[in-house]
Amino acid sequence: MGVVFFLETEVGRNLRLAELLEDYNAVLVSTGTWRDKKLNIRGEDKRNVFYALSWIHTYMSYLLGYSNRAPAELRGKVGIIGAGLTAIDIAELAALEYNAEPNILYRRPKNLAPARHLVKHLESLGVTFIENVEPIEIIGESSIGE
């Protein structure tokens with residue numbers, strides 16, 4: 001079929017994305033999330049509250065030169081709601097690219113997280129897991145973190 005799978009290969013670590021783009025006509029980035037998911041809680045419309053898929057799209061578009069709009073910087077303490085692969089991607093980027101302090105807030109124990117196989121790696125980067133919590137409101141005046 002002409003499909004090539006790269007097993008045990010991490011783009012950015014073992015293989016540069018630019019190399020893939022030079023060598024292939026198409027590169028599929030499969031993030032696992034197909035649309036932003038609203039929490040339907042008070043305060044999620046405040047400044048400095050972002051939806052993961054939109055943020056990653058902006059980040060990757062900027063990084064690859066498809067857009068000149070830089071993503072919002074993830075600085076200081078970063079709260080990440082959820083523990084799926086998209087949340088893990090955000091936590092890793094926050095730690096490695098922005099030197100932030102990511103905190104993953106998950107409604108179950110971390111050993112039940114969809115991305116539980118990456119917990120030790122994230123903890124080695126300084127990511128904190130806060131288990132058995134579910135947000136009911138995002139507090140602050142018009143924005144958070146300022």
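Treat the numbers as computed from the prediction; the structure is a model and nothing was measured.
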[X] [atom1] to [Y] [atom2] distance, which is reported to the nearest 0.5 Å:
| X | Y | atom1 | atom2 | value |
| --- | --- | --- | --- | --- |
| Ile139 | Lys46 | CD1 | NZ | 9.0 Å |
| Ile56 | Leu63 | CD1 | CG | 12.0 Å |
| Asn14 | Glu19 | CG | CD | 10.5 Å |
| Phe50 | Leu74 | CZ | CG | 7.0 Å |
| Asp36 | Thr86 | CG | OG1 | 9.5 Å |
| Glu123 | Thr128 | CD | OG1 | 8.0 Å |

Counting distance only, does the side-chain N/O of [X] pair as donor-acceptor with the main-chain N or O of [Y] below 3.5 Å?
| X | Y | answer |
| --- | --- | --- |
| Arg108 | Ala113 | no |
| Trp55 | Pro71 | no |
| Asn103 | Glu101 | yes |

Which pair of heavy atoms, one from [X] and one from [Y], lies closest together, and at what distance?
| X | Y | result |
| --- | --- | --- |
| Ile81 | Pro135 | CD1-CG, 3.8 Å |
| Gly43 | Val49 | O-CG2, 4.0 Å |
| Gly79 | Leu105 | CA-CD1, 4.4 Å |
| Tyr59 | Leu93 | OH-CD2, 3.4 Å |
| Ala83 | Pro114 | O-CD, 3.4 Å |

Indicate yes or no: at least one non-hydrogen side-chain atom of His57 is less than 4.5 angstrom from one of Leu53.
no
Results of side-chain contact (heavy atoms from CB on, under 4.5 Å) for Leu64 - residues two or more places apart only
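Only Leu17, Leu21, Met60, Tyr66 meet the side-chain contact (heavy atoms from CB on, under 4.5 Å) criterion with Leu64.
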By side-chain contact (heavy atoms from CB on, under 4.5 Å), which residues pair with Ala91, not counting sequence neighbours?
Ile80, Pro102, Ile104, Leu122, Val127
Can a salt bridge be assigned to the pair Glu137 and Arg42 using a cut-off of 4.0 Å between side-chain N and carboxylate O?
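Answer for the salt bridge query: yes.
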Can [Y] be reached from [X] by stepping across I, L, V, M, F, W or Y side chains whose heavy atoms are under 4.5 Å apart?
| X | Y | value |
| --- | --- | --- |
| Leu39 | Ile130 | yes |
| Ile138 | Val133 | yes |
| Tyr106 | Tyr51 | no |
| Phe129 | Leu96 | yes |

Neighbour count above 12 (heavy atom, 6.0 Å) for Arg107 CZ
no
